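Everything numeric here is computed off the predicted structure, so don't read it as measured data. Naming: A, B, ... by sequence-line order, numbering from 1 per chain.
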2 protein chains.
Amino acid sequence: MRIYLIFFDTAFYNKNMSESSRKILSDHNVSITNPRILVLEALMESQNPQTIDDLQKKLQNKVAKSTLYRVLGDLKKINVLHEFTSPDNTTVVELLLHDAEHHHHLFCGDCGEIIDVGLSDEFEKLLSEEIKKIERKFNFHINDHRVEMFGTCTDQCSNCK
Amino acid sequence: MRIYLIFFDTAFYNKNMSESSRKILSDHNVSITNPRILVLEALMESQNPQTIDDLQKKLQNKVAKSTLYRVLGDLKKINVLHEFTSPDNTTVVELLLHDAEHHHHLFCGDCGEIIDVGLSDEFEKLLSEEIKKIERKFNFHINDHRVEMFGTCTDQCSNCK
DNA sequence: AAAAAAATGAGATAAATTCTCATTTATACT
DNA sequence: AGTATAAATGAGAATTTATCTCATTTTTTT
């Protein structure tokens, strides 16, 4: 048996998040400002979708409310942020990084947790075919889709139980 | 060639809508009141999802704003109303009648129209299997799902063009 | 380093929804 | 049918969520 000691260098991770935040902004020709970096870092802190309230708590008045909304708008405009609504009508937001895979969402009605889930290639392929049929039938041009699943986490969720 | 004359008896349809509204309420042990009947009738007037604003216009001050929201809440509670949010964050609402088939939604980003669409049995079957996998993987109990498709209606839509 | 452009903070404003409570309406019970 | 009781409604106040305004600060350009 081997024992590994893992040193968790928070500074390193923070520096990393700051770096990637800057990169996201410069890659999209958006000026690099402190509020934007802070908001991006807060978004990166969790891989699952978060509410605006979650973000405000993380930012702890380091960014004004109006600025937070404005920055989220900026990030939507450059397509690195996805905004949608949970079943209880709360706006949630998640970062879409270059390497983010196409995914869908699973909602827990008890604790409100939202989990990113991937579905099989077979399923996605059949869905694309269905979408082509719908496009023809309704004379639509469809550019996006999503599958949402609603339920309750039985025991694993950290918020519930 | 034959020519058919179709007489559209509004009174008959109104009476019918009023009757089914009453039936919906009594079937669910909800007291039958005028505002509830009016809201149900407004909901029945269109088969596709409608915004709260649409309803208010149809009701033309015959039902107070607070009552409208309250009645919609009541209808949700007895599971005859489905409420969700369109991509531009507007709340929309649709009646779920006993005979309503399982369906999904198609959103037009230009005119805001929302269309009910059914997908093939083959697709729904595969989706159920995917959902079973997700339930196992995340230890969830999933009780509902929906597929949303986003695009633009190319020329058929009555609101656009 | 200075000038120009852009972003921010603080609070005002707007829109959507919920809440409060006095009055009205519906239901249950003679 | 008529009355008592319970429930629902209307009107507007309050709350919540998001956007807007504009003077000040920060970033970018030169």
* Counting side-chain heavy atoms from CB outward, which of D:dT21, C:dT27, D:dG10 is closest to B:Ile32? ->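 Closest nucleotide to the B:Ile32 side chain: C:dT27.
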* Candidates D:dG10, D:dT27, D:dT19 - which lies nearest the side chain of A:Lys65 ->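 The closest nucleotide is D:dT19.
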* If you find the nucleotide of DNA chain D closest to B:Asn61 and the one closest to B:Asn89, which residue's nucleotide is nearer the 5' end? ->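 The answer here is B:Asn61.
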Between [N] atom [atom2] and [X] atom [atom1], what is the distance in whole Å?
X       : N      : atom1 : atom2 : value
B:Ile78 : D:dA8  : CD1   : P     : 11 Å
B:Lys62 : D:dT9  : NZ    : P     : 16 Å
B:Arg22 : C:dT25 : CZ    : C1'   : 14 Å
B:Leu68 : D:dG12 : CG    : C1'   : 16 Å
B:Lys77 : D:dA8  : NZ    : C1'   : 12 Å
A:Leu25 : D:dT26 : CG    : P     : 18 Å
B:Asp74 : D:dA8  : CG    : P     : 7 Å
B:Asp88 : D:dT19 : CG    : C1'   : 15 Å

* **Salt bridge present between A:Glu135 and A:Lys137 (N-O < 4.0 angstrom)** =>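 Result for this pair is no, no salt bridge flagged.
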* Do B:Lys133 and B:Glu130 meet the salt-bridge criterion of a basic N to acidic O distance under 4.0 Å? ->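 The answer is yes: the pair qualifies as a salt bridge.
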* Report the relative orientation of the aromatic rings in B:Phe84 and B:Phe107; use parallel for angles under 30°, tilted for 30 to 60°, perpendicular for over 60°. =>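 The arrangement is perpendicular - the two ring planes meet at more than 60°.
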* 5'-most contact on DNA chain C: B:Val30 or B:Thr67, nearest heavy atom basis? ->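 By nearest-heavy-atom nucleotide position, the 5'-most residue is B:Thr67.
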Can you see if the side chain of [X] gets near the phosphate of [N] - specifically, an N or O under 4.0 Å from OP1 or OP2?
X       : N      : result
B:Arg70 : D:dA8  : no
B:Ser66 : C:dC19 : no
A:Tyr69 : D:dA18 : yes
A:Ser31 : C:dA6  : no
A:Thr33 : C:dT8  : yes

* From B:Glu83, B:Gln50, B:His103, B:Gln47, residue fulfilling side-chain contact (heavy atoms from CB on, under 4.5 Å) relative to B:Glu94 ->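 For B:Glu94, the side-chain contact (heavy atoms from CB on, under 4.5 Å) test succeeds with only one of B:Glu83, B:Gln50, B:His103, B:Gln47, which is B:His103.
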* Same cluster (ILVMFWY, side-chain, under 4.5 Å), B:Ile24 and B:Leu59 ->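 Per the 4.5 Å side-chain linkage, B:Ile24 and B:Leu59 are co-clustered.
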